[in-house]
2 protein chains.
Amino acid sequence: MTNGTGGKCGLHLVNNQRDCQSCTLPRKCIGADLDQSQSNNITNIIRKRGPFKAGETIFKIEDPFRSIFVIQSGSVKIESSLDDGTPLIHGFYFGSELIGIEAVGDVKYQCDAVVLDTTWVCELPFDKLETLCSQMPLLQHEILELLGKRLRYTNRTIVQGRYLSADRRFLLFLNDLYQRRGCITKDGKRSVLLPMTKGDIAIHLGLRPESLSRALAKLQDEGVIRNHAREIQILGDKRTSLSCLWV
Amino acid sequence: MTNGTGGKCGLHLVNNQRDCQSCTLPRKCIGADLDQSQSNNITNIIRKRGPFKAGETIFKIEDPFRSIFVIQSGSVKIESSLDDGTPLIHGFYFGSELIGIEAVGDVKYQCDAVVLDTTWVCELPFDKLETLCSQMPLLQHEILELLGKRLRYTNRTIVQGRYLSADRRFLLFLNDLYQRRGCITKDGKRSVLLPMTKGDIAIHLGLRPESLSRALAKLQDEGVIRNHAREIQILGDKRTSLSCLWV
DNA sequence: CGTCGGCTTGATACGGCTCAATAGGAGTGG
DNA sequence: CCACTCCTATTGAGCCGTATCAAGCCGACG
């Protein structure tokens with residue numbers, strides 16, 4: 001709740017071509033199923049905020065929970081820490097994705113939302129959203145669906161990762177990332193640009209940076225990926241490298 | 001959806017004395033804040049099912065998602081498996097707790113709900129519950145709260161556990177279990193009766209049964225717990241053994 | 001009685017952690 | 001422009017904890 005200029009914005013900004021079926025997180029924005037007048041009701045309660053710059057927070061631990069946010073552009077990491085100070089990174093979120101819903105039903109946020117790139121968000125005051133939900137069953141259904149999906153997403157990624165070795169754990173992460181923000185380079189290589197540091201990835205995967213670095217080196221040796229500074233290319237055919245993880 | 005005889009039941013069956021504040025899972029049943037007529041609306045859509053016996057399933061992977069369930073008595077483990085067959089146990093749930101909400105917003109369940117004890121549940125058809133939510137903002141709020149809480153609970157337990165050694169990971173689990181179904185023995189010892197096997201606990205904690213067994217032996221040697229067959233006693237004072245984990 | 005599943009114990013191997021050193025890049029200031 | 005610092009990333013050597021493989025114990029149950 002630090003930054004932000006006033007203003008209104010539509011919620012359907014990020015309208016990419018990828019199909020939503022295969023995505024592990026909702027790409028579709030809130031309210032896509034609603035008609036025009038209902039959609040206007042939502043537009044009336046939201047407020048665009050930004051730009052947040054790298055390192056700034058959209059919300060912080062102990063801030064009172066009042067809103068959820070749809071990221072319009074940029075990228076955000078959700079982090080907290082254990083009692084002993086061990087940092088935890090719960091996830092990374094990008095354009096069209098939702099942050100803050102982990103706090104639904106609580107009085108305060110339990111995580112920091114730290115911006116990685118210059119980021120714009122739309123703020124949705126949750127009490128007003130709840131009121132709208134009462135009036136619009138479709139919207140209510142959508143919010144319940146979003147919460148359920150997030151529940152499954154965190155469950156799957158975290159639980160599953162626990163049983164994998166460092167390199168396969170990274171591949172699982174990379175696959176998810178590729179589906180959410182992967183692109184094809186001019187020469188036809190599947191590629192992911194990393195907005196976060198490798199150290200952040202390591203923390204998120206429950207590894208030491210050294211271990212992740214070694215895993216990356218190993219995967220590159222095996223010809224599965226190409227490990228540039230902030231870009232990972234996915235080599236090898238799907239069958240051998242990633243499809244085993246495409247649940 | 002295997003078993004079950006018809007019938008109606010109230011939702012407020014399990015009414016224990018413990019305060020709900022400190023609990024990591026909702027002990028309060030659905031509808032506690034509602035007045036009598038509203039409460040009746042819920043009573044009209046629920047159906048008591050049981051008894052399920054050990055090994056039976058309340059719902060199975062790929063079953064169409066239609067209902068969530070409040071456990072009235074007994075205990076249930078929620079499990080699935082990875083592609084390679086590695087078993088996963090997402091959690092254990094007991095009287096007054098809710099299962100099936102991980103599937104909200106999906107067309108089918110992704111887990112099996114396997115009964116450990118003889119178990120009775122109340123089935124809540126979710127479409128009807130959603131309709132009621134549209135009419136009763138308090139109920140809608142409660143459901144959203146439950147989903148949010150479950151999201152935080154799974155996040156906390158799993159993420160946190162990842163950074164702990166086998167013995168501390170077990171202590172975290174034991175602490176949670178004690179808060180949810182612990183009791184004090186006649187001679188004043190804090191105690192937890194385990195409805196699940198140690199093997200199940202190991203899987204849930206992401207350990208091998210051998211490793212868990214060694215961790216238990218170690219904790220008993222240190223005087224932190226007493227490890228009986230199906231009963232764990234918590235020795236030592238809170239400060240040294242568990243309070244460090246009481247987040 | 002014998003069998004089987006749950007649980008425990010032992011010996012060994014391996015993967016990731018720890019500590020330590022080095023290299024590269026971005027940003028800063030002279 | 002270079003010198004300097006800070007941060008990120010990598011690599012090496014050794015250690016520790018958990019997995020693995022194997023065997024034995026115990027209680028439940030036919």
Side-chain angles (χ1 to χ4, degrees), chain A residues 53-55 75 77 79 82 84-89 92 114 116-118 161-174 192-222 225-233, chain B residues 53-55 77 79 82 84-89 92 114 116-117 161-174 193-222 225-232:
Chain A
K53 294 187 194 134
S75 40
K77 65 175 171 182
E79 66 177 2
L82 297 180
D84 62 2
T86 311
L88 299 178
I89 296 183
F92 303 98
V114 180
L116 300 169
D117 279 333
T118 299
R162 185 159 63 175
Y163 294 92
L164 301 177
S165 58
D167 49 347
R168 303 201 69 215
R169 206 181 294 188
F170 173 77
L171 282 184
L172 190 67
F173 172 77
L174 180 64
V192 181
L193 287 171
L194 306 174
M196 72 295 278
T197 67
K198 303 238 170 99
D200 279 347
I201 297 176
I203 291 172
H204 177 237
L205 296 179
L207 298 169
R208 296 290 126 182
E210 302 94 320
S211 301
L212 177 60
S213 189
R214 276 182 250 272
L216 292 177
K218 183 188 165 204
L219 288 170
Q220 180 161 285
D221 283 349
E222 294 171 350
I225 62 168
R226 255 199 83 104
N227 176 26
H228 297 92
R230 278 295 172 102
E231 181 194 4
I232 306 280
Q233 286 186 3
Chain B
K53 293 187 195 134
K77 65 175 170 181
E79 66 177 3
L82 297 181
D84 63 1
T86 312
L88 298 178
I89 295 183
F92 302 98
V114 180
L116 301 169
D117 279 334
R162 183 160 66 176
Y163 295 92
L164 301 176
S165 58
D167 50 347
R168 303 201 68 214
R169 207 182 293 187
F170 173 77
L171 282 184
L172 190 67
F173 171 77
L174 180 65
L193 287 171
L194 305 175
M196 73 294 280
T197 67
K198 304 237 169 102
D200 279 347
I201 297 177
I203 292 172
H204 178 236
L205 296 178
L207 299 168
R208 297 289 127 180
E210 301 95 320
S211 300
L212 177 60
S213 187
R214 276 182 250 271
L216 292 177
K218 183 187 164 203
L219 288 170
Q220 179 161 286
D221 283 349
E222 294 171 350
I225 63 168
R226 256 200 83 108
N227 176 25
H228 297 92
R230 279 293 174 106
E231 181 195 5
I232 306 280

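Each chain gets a letter, A, B and so on, in the order its sequence line appears, and its residues count up from 1.
Straight-line distance from the NZ atom of A:Lys218 to the C1' atom of D:dA9: 20 Å, rounded to whole Å. Atoms CG (A:Leu212) and C1' (D:dT8) sit 12 Å apart, rounded to a whole Å. The CG-C1' distance, from B:Asp200 to C:dG5, rounds to 13 Å in whole Å. Remark: C1' of C:dG16 and OH of A:Tyr163 are 18 Å apart, rounded to the nearest angstrom. Separating the CD atom of B:Gln220 from the P atom of C:dC7 is a distance of 15 Å, rounded to the nearest angstrom. Spacing between atom CD1 of A:Ile203 and atom P of D:dT8 amounts to 10 Å, rounded to whole angstrom units. In this structure, NE2 of A:His228 is placed 12 Å from P of D:dT10, rounded to the nearest angstrom. Taking atom CZ of A:Arg162 as the reference point, atom P of D:dG17 lies 20 Å away to the nearest angstrom.
Comparing D:dT20, C:dC7, D:dA13 against the side chain of B:Arg214 picks out D:dT20 as the nearest. Nearest nucleotide to the side chain of B:Ser165, out of D:dT11, D:dT18, C:dT8: D:dT18. When each of C:dT18, C:dC7, C:dT8 is scored by its nearest atom to the side-chain atoms of A:Glu210, the top-ranked nucleotide is C:dT18. For A:Ala166, whose side chain is taken as the heavy atoms from C-beta onward, the closest listed nucleotide among C:dT8, C:dG16, D:dA9 is C:dG16. The side chain of A:Leu207 sits closest to C:dG16 out of C:dC19, C:dG16, D:dC21.
Between A:Asp117 and A:Pro195, the closest heavy-atom pair is OD2-CB, 3.7 Å. Smallest separation of non-hydrogen atoms from A:Gln220 and A:Asn227: OE1-N, 2.6 Å.
The base of C:dT8 has none of its N or O atoms less than 3.5 Å from a complementary donor or acceptor on the side chain of B:Arg208.
Between B:Lys77 and B:Glu79 there is a salt bridge, since at least one side-chain N of the basic residue sits less than 4.0 Å from a carboxylate O of the acidic one.
Across all strands, A:Ala229 comes closer than 4.0 Å to no nucleic acid atom at all (heavy-atom distances). In this structure, A:Asn227 reaches the sugar-phosphate backbone alone: every heavy-atom distance under 4.0 Å involves primed, P, OP1 or OP2 atoms, never a base.
To the nearest 0.5 angstrom, B:Arg168 atom CZ is 14.0 Å from B:Leu205 atom CG.
A donor-acceptor pair under 3.5 Å links the side-chain atoms of B:Lys198 to the main chain of B:Ala229, judged by distance alone.
In this structure, A:Ser211 does not reach the C:dG16 phosphate: none of its side-chain N or O atoms is under 4.0 Å from OP1 or OP2.
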